[in-house]
Every structure is written in structure tokens, then in C-alpha cells.
Amino acid sequence: MKFQAQRGTHDVLPVDAPKWRFVEETWRRVCGLYGYEEIRTPIFEDFELFARTSGETSDIVSKEMYDFTDKGGRHIALRPEGTAPVVRAYLEHSLASAGGPVKLFYIGPMFRYGRPQKGRMRQLHQTGLECLGPATPEADAEVIEVTVRFYEAIGLEGLTVLVNSIGRQEARARFGEAVLRQLAGWLADQPPEARERAEKNPMRLLDSKDPDVKAALEGAPTIGEFLEPESREHFDRLCGLLDEAGIRYRLDPGIVRGLDYYTDTVFEVQSDALGAQSSLCGGGRYDGLVAELGGPSTPAVGVGIGIERALIAMEAAEAWPTSGRVGAYLVAATDSARVPLRSLARELRSAGVSCLADLDGRGLKAQFKQADRSGACWALILGEDEMAGGTVTVKNLESGQQESLPRAEAVARVVG
RNA sequence: GCGGGUGUAGCUCAGUUGGUUAGAGUGCCAGAUUGUGAUUCUGGAGGUCGGGGGUUCGAGACCCCUCAUCCGCCCCA
């Protein structure tokens with residue numbers, strides 16, 4: 001085979017497309033219930049948009065950017081995540097001028113140049129939403145609630161919502177220093193680049209799976225001890241709101257998120273169906289991002305949801321919806337019936353019935369075989385007898401029963 | 001980016017310590033009294049054994065490189 005899909009990309013084949021459609025349509029529906037509106041942004045943007053917002057030291061920017069220089073010498077990046085482009089569009093088109101909170105959702109491909117693995121693609125797909133304006137924990141709770149309702153609607157149950165607060169800049173800085181003090185002994189034995197990474201962003205060490213790191217962190221302080229009173233209160237109120245919504249969640253000081261723009265609330269939903277990639281989605285509050293991109297100081301909160309990972313989790317849960325069937329397969333019992341057969345097909349299609357007919361000039365038996373395979377409910381047969389009598393033979397492919405009816409009645413039966 | 005596993009027909013897989021024209025099941029196509037989809041029977045098509053190089057009289061099996069994929073790490077969706 002000469003060509004194949006590029007590394008880290010995959011084709012969604014007809015057998016799987018309905019599952020994707022189901023997930024995407026469910027997301028649109030649930031978002032609509034909460035008043036979120038769809039926004040579609042380009043899949044490539046100025047590299048700097050992501051470098052500035054995600055953080056130069058973040059893994060996404062430092063090693064996973066899918067970037068290139070275009071013919072005009074521009075440094076372009078295929079978007080690695082959805083929030084920065086949405087905020088860019090929000091500012092560019094002054095969406096805030098409409099007044100009130102701006103509630104947006106999106107669906108589309110994202111790109112990260114990493115080593116592919118199950119549930120980790122170079123072209124991945126996300127749904128997500130952003131709630132711009134409100135600073136209240138009510139907004140945080142709503143975002144988490146939409147996320148949870150979405151997972152319920154696609155049939156996933158028993159998922160764990162993990163929440164945490166990482167506070168504001170100052171609290172994080174003081175906490176980071178405390179973590180580094182705790183790990184000083186361990187860090188001394190590490191290779192320089194690991195030490196450098198740790199010093200640039202100590203919080204990242206908190207969700208490490210390395211047993212040594214976990215051991216070294218034993219008894220370390222938690223971010224909670226460093227939170228400002230406002231952050232503390234915000235988080236407490238959020239937890240109360242989640243209780244009120246009947247959402248099961250767990251406080252997890254290990255949730256820190258990989259992007260620099262998060263403030264206060266961060267959350268994640270995990271599934272044990274995904275192996276090492278246990279995270280189904282991630283989100284949180286990002287009160288500094290709009291200002292960082294040159295807009296007025298605007299609090300905001302959002303979530304990004306991995307479609308591939310949702311589908312993997314659904315596979316494990318066998319949560320598939322049943323798919324629809326084709327309407328009718330038109331069978332030509334003799335070649336001279338093919339012209340009137342096409343006419344019959346046009347009539348049925350204009351009445352909204354999906355029809356299939358042979359395009360290969362196959363024999364009668366083969367046409368029935370195709371009809372069977374297509375999953376059609378009905379086979380409509382046109383041959384010498386039918387043409388002579390102005391009838392159509394209607395066969396129910398499930399029961400096997402058939403009868404000849406005047407053409408108009410046959411159409412009515414299939415349409416009805 | 002690092003470590004390990006896998007790669008033979010559309011799909012699931014056999015293939016002995018290297019030895020003739022590489023197999024099975026399933027799927028596909030055709031036929032079994034010329035107007036009927038299951039099953040059955042018969043026949044047929046389909047493989048540069050992921051790709052390239054090397055060792056050998058001889059490689060699907062062994063060695064090197066490469067591509068893809070899976071598992072783990074880093075990190076995340």
C-alpha cells in the first residue's frame with residue numbers, strides 16, 4: 001500500500017461515523033439546553049497565540065506544537081486546544097458588546113505533535129465550551145454540570161469528577177516554593193533538564209505517576225493551605241453548588257492542569273477504561289486569559305472534552321445507540337424494468353424514502369443479496385408481470401412475505 | 001522525545017531447528033431447472049508475507065535500517 005493515513009491520524013469509516021454524529025449531536029443538544037451557542041474558528045492560528053496563552057514552558061508549546069512557516073513567512077500553528085482561538089475571536093468581534101455572559105461552544109479537530117498511542121492522536125477531536133464574563137462559582141458549576149450531563153446523555157456512567165483549586169498567581173508561587181523545598185533532596189539527584197522543568201513549574205510534579213516523586217511528596221503541603229481567602233471561599237461555594245446539582249465529585253489536590261492560564265478552579269473527569277490516558281476532559285477557570293490577549297479584564301471558565309476518549313469509554317461501556325435503517329431496495333427482475341425502476345425510485349425519494357438500486361447490472365439473485373445486506377426494510381420488485389399489470393411487488397425483507405399491489409398502493413405502503 | 005511488544009488475503013489468524021508453486025476460517029464474486037435475500041454444495045478471484053538493505057545455495061522465519069500500530073514513561077484530550 002503506497003499511501004496510508006499520516007501517523008497519529010485516522011479515518012472515521014462509515015461503520016463508525018454514526019457514533020461520532022451521535023456524540024457531536026448530543027453535545028450540541030446539551031449545550032443548547034444551557035444556552036450556549038456554537039462558534040467555529042479556523043484550525044490554524046498565529047503560533048504566538050498559543051505560545052503566549054498556554055505558557056512557554058508547557059509541554060504543548062515546548063514540544064507538541066504542530067507548527068510551520070507558510071509561504072508568506074508567517075509562523076503558523078495548527079490549534080492544539082480550543083480556548084485561545086475562541087477568546088481571540090471573542091475579542092476580535094467584540095462579542096462582549098452584546099451584554100451579559102457570552103456562552104460559546106465548539107466542536108472540531110485539534111493537533112498535537114506527540115507520540116501517538118491509544119486515545120492520543122496527533123489530530124484529535126474535541127468538543128468544548130467557554131463561559132465568558134461571570135466570575136461566580138455558579139458559572140464554574142454550570143460548566144461542570146453541562147459536562148456531566150453530556151456524559152450521561154451518551155450513556156457513560158460511574159465516571160469520577162475530580163476538582164481542585166490552584167488559586168491565583170501569588171498563592172501558586174508560594175506553594176511552588178514549598179513544593180521545591182520539600183523535594184530538594186530528590187531534585188538534587190535528577191538530571192539537569194528534569195530539575196529545570198521542575199523549577200519552572202513545580203505544580204507539574206503533583207500529578208506525576210513516578211513512584212519516587214510520589215514518595216518524595218509524602219507529607220508535602222497541599223495548595224489548599226496557601227489559597228487566598230477569596231479563592232478558598234470561591235472553591236467552597238463551588239463544592240456546595242455541585243452538591244446541590246447532585247454531581248458526585250472528589251477533591252483531588254493532584255489535579256493541576258498543563259496550561260498556564262488556569263486560575264482557581266480546575267477539574268477533570270476520569271474513566272478507568274482508558275489505560276494510561278485516563279483523562280476524558282479537562283477544564284477550569286481562566287480569569288487572566290482575556291486580558292493576556294489584550295482585552296479588558298474578563299473572568300471566564302470552560303472545558304475541553306476529548307471525543308476519541310469519550311468513544312473509547314463508550315466502547316468499554318457498550319453504550320451505543322441503535323442506528324436507523326434504509327427504506328427500500330428496488331429490484332429489477334428483468335433489464336427492461338430498469339428505466340421504470342429509476343422512475344419509481346425518484347418518486348419514493350421525493351416522498352422522503354431512502355432507496356437503493358443495483359448499479360452493476362447484476363442478476364436478480366444478486367440484487368436480493370444486496371437488498372438483504374443493505375438493511376432495507378422493503379424490497380420493491382419490478383418485472384414483466386408487474387409492468388404488464390401496472391403493479392409493484394412489495395416484499396417485507398424481515399418477514400419474507402410479499403404481495404403485488406397497484407403501483408400507487410405500493411408506494412403508499414413504503415412511504416407510510 | 002525515551003523504553004518494550006506486534007506487523008502473513010478485506011477481517012481473525014496458522015506457518016515446525018531457514019528448504020519445492022505460502023495455508024485455514026470468514027468475507028467477496030459466480031453457479032446449483034432462466035422471478036427471490038438464510039443455510040448447504042461446487043467453482044473462482046484475492047497476498048511484492050508492512051517497506052528497504054544484508055547473511056545464505058536457499059529467508060515469511062536470522063541481522064540491520066525504516067514505516068505503522070499497541071503498551072509504558074513524559075504529558076495530556
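Labels below follow one simple rule: chain letters A, B, ... track the order of the sequence lines, proteins then strands, and each chain is numbered from 1.
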C1' gap between rU17(B) and rG1(B), integer Å: 40 Å

Quick check for you: among rG35(B), rU69(B), rA38(B), whose closest atom lies nearest to any side-chain atom of Pro116(A)? rU69(B)

Between rU66(B) and rA30(B), how far apart are the two P atoms, rounded to whole Å? 46 Å

rA45(B) -> Watson-Crick or G-U wobble partner, both distances under 3.5 Å, gives none

Does Gln117(A) have a side-chain nitrogen or oxygen under 4.0 Å from the phosphate oxygens OP1 or OP2 of rG72(B)? yes

Using Watson-Crick or G-U wobble geometry with both distances below 3.5 Å, tell me the partner of rC73(B), or none. rG1(B)

Using only modelled atom types and a 3.5 angstrom limit, is any donor from either the side chain of Arg309(A) or the base of rC76(B) paired with an acceptor on the other? yes

Would you say a side-chain N or O of Arg115(A) is under 4.0 Å from OP1 or OP2 of rU69(B)? no

With rounding to whole Å, what would you report as the distance between rA59(B) and rU48(B) at their C1' atoms? 15 Å

Find the distance Asp372(A):CG to rG37(B):C1' and express it as a whole number of Å. 4 Å

When the distance from CD of Glu81(A) to P of rC75(B) is rounded to whole Å, what number comes out? 19 Å

Starting at atom OH of Tyr261(A), determine the distance to atom P of rC76(B), rounded to an integer number of angstrom. 12 Å

Strictly by Watson-Crick or wobble contacts shorter than 3.5 Å, is anything paired with rU39(B), and which nucleotide is it? none

Between Asp287(A) and Tyr261(A), is any pair of side-chain heavy atoms under 4.5 Å apart? no

Under 6.0 Å from the CG atom of Leu13(A), do we count more than 12 heavy atoms belonging to anything else shown? yes

Pick out which of Asp140(A), Thr263(A), Asp264(A) makes a side-chain hydrogen bond (donor to acceptor under 3.5 Å, both in side chains) with His234(A). Asp140(A)

Counting the atoms with a prime plus P, OP1 and OP2 as sugar-phosphate, which does Gln367(A) contact under 4.0 Å by heavy atoms, base, sugar-phosphate, or nothing? nothing

Arg338(A) CZ: over 12 foreign heavy atoms closer than 6.0 Å: yes

Is there a donor in the side chain of His125(A) and an acceptor in the side chain of Glu308(A), or the other way round, less than 3.5 Å apart? yes

Candidate list Asp46(A), Thr69(A), Asp67(A), test side-chain hydrogen bond (donor to acceptor under 3.5 Å, both in side chains), partner His75(A), passing option: Asp67(A)

Below 3.5 Å, does any donor atom in the side chain of Lys395(A) face an acceptor in the base of rU36(B), or the other way round? yes

Does a nitrogen or oxygen in the side chain of Gln370(A) sit under 4.0 Å from OP1 or OP2 of rC28(B)? no

Touch check for Gly400(A), heavy atoms < 4.0 angstrom, all strands: base, sugar-phosphate only, or nothing? base

Need to verify one output field. Residue with the more 5' nearest nucleotide on RNA chain B, Arg122(A) or Leu397(A)? Arg122(A)

Using the six-membered ring of Tyr113(A), assess whether NZ or CZ of Arg122(A) lies under 6.0 Å from its centre and within 45 degrees of the ring axis. yes

Have a look at Met121(A) and say if it touches a base, only the backbone sugar-phosphate, or nothing, with a 4.0 Å heavy-atom cut-off. base

So which nucleotide does rG10(B) pair with, by the Watson-Crick or G-U wobble rule with both distances under 3.5 Å? rU26(B)

When rounded to whole Å, the CZ to C1' distance for the pair Arg120(A) and rG72(B) reads 10 Å

What is the separation between atom CD on Glu64(A) and atom P on rC73(B), rounded to the nearest whole Å? 15 Å

OP1, OP2 of rG35(B) versus side-chain N and O of Lys365(A): anything below 4.0 Å? no

Provide the distance between the two P atoms, one in rG23(B) and one in rG47(B), to the nearest whole Å. 14 Å

If the C1' atom of rG4(B) is compared with that of rC74(B), how far apart are they to the nearest Å? 16 Å

Any base atoms under 4.0 Å from Gly375(A), or only sugar-phosphate, or nothing? Heavy atoms, all strands. nothing

For Arg362(A), report the nucleic acid contact type (base, sugar-phosphate, nothing); a contact means any heavy atom under 4.0 Å. sugar-phosphate

Given the C1' atoms of rG35(B) and rC49(B), what is the spacing between them in whole Å? 46 Å

Nearest to the side chain of Ala366(A), which nucleotide is it out of rG37(B), rA30(B), rC28(B)? rA30(B)

Find the distance Gln4(A):CD to rG50(B):C1' and express it as a whole number of Å. 8 Å

C1' spacing across the pair rG54(B) / rU16(B), given as an integer number of angstrom: 25 Å

Less than 4.0 angstrom between a side-chain N/O of Lys118(A) and OP1 or OP2 of rG72(B), yes or no? no

Looking only at heavy atoms, what is the nearest atom pair of Leu382(A) and Thr391(A), with distance? CD1-O, 3.5 Å

Toward the 5' end of RNA chain B, by each residue's nearest nucleotide, Asn396(A) or Arg7(A): Asn396(A)

May I ask you to evaluate whether Arg112(A) reaches the phosphate of rC76(B), defined as a side-chain N or O under 4.0 Å from OP1 or OP2? no

Looking at every strand, decide which applies to Lys63(A) at a 4.0 Å heavy-atom threshold: base, sugar-phosphate, or nothing. base

Applying a 4.0 Å non-hydrogen cut-off, can you work out what Ile381(A) is touching in the nucleic acid: base, sugar-phosphate, or nothing? base

What's the gap between rU69(B) and rU12(B) when it is taken at their P atoms, as a whole Å value? 16 Å

To the nearest Å, how far apart are Leu330(A) CG and rG37(B) P? 18 Å

Would the base of rG35(B) count as contacting Gln402(A) through its side chain, where contact means a donor and an acceptor less than 3.5 Å apart? no

Which whole-number value in Å describes the distance from Gln270(A) CD to rA77(B) C1'? 12 Å

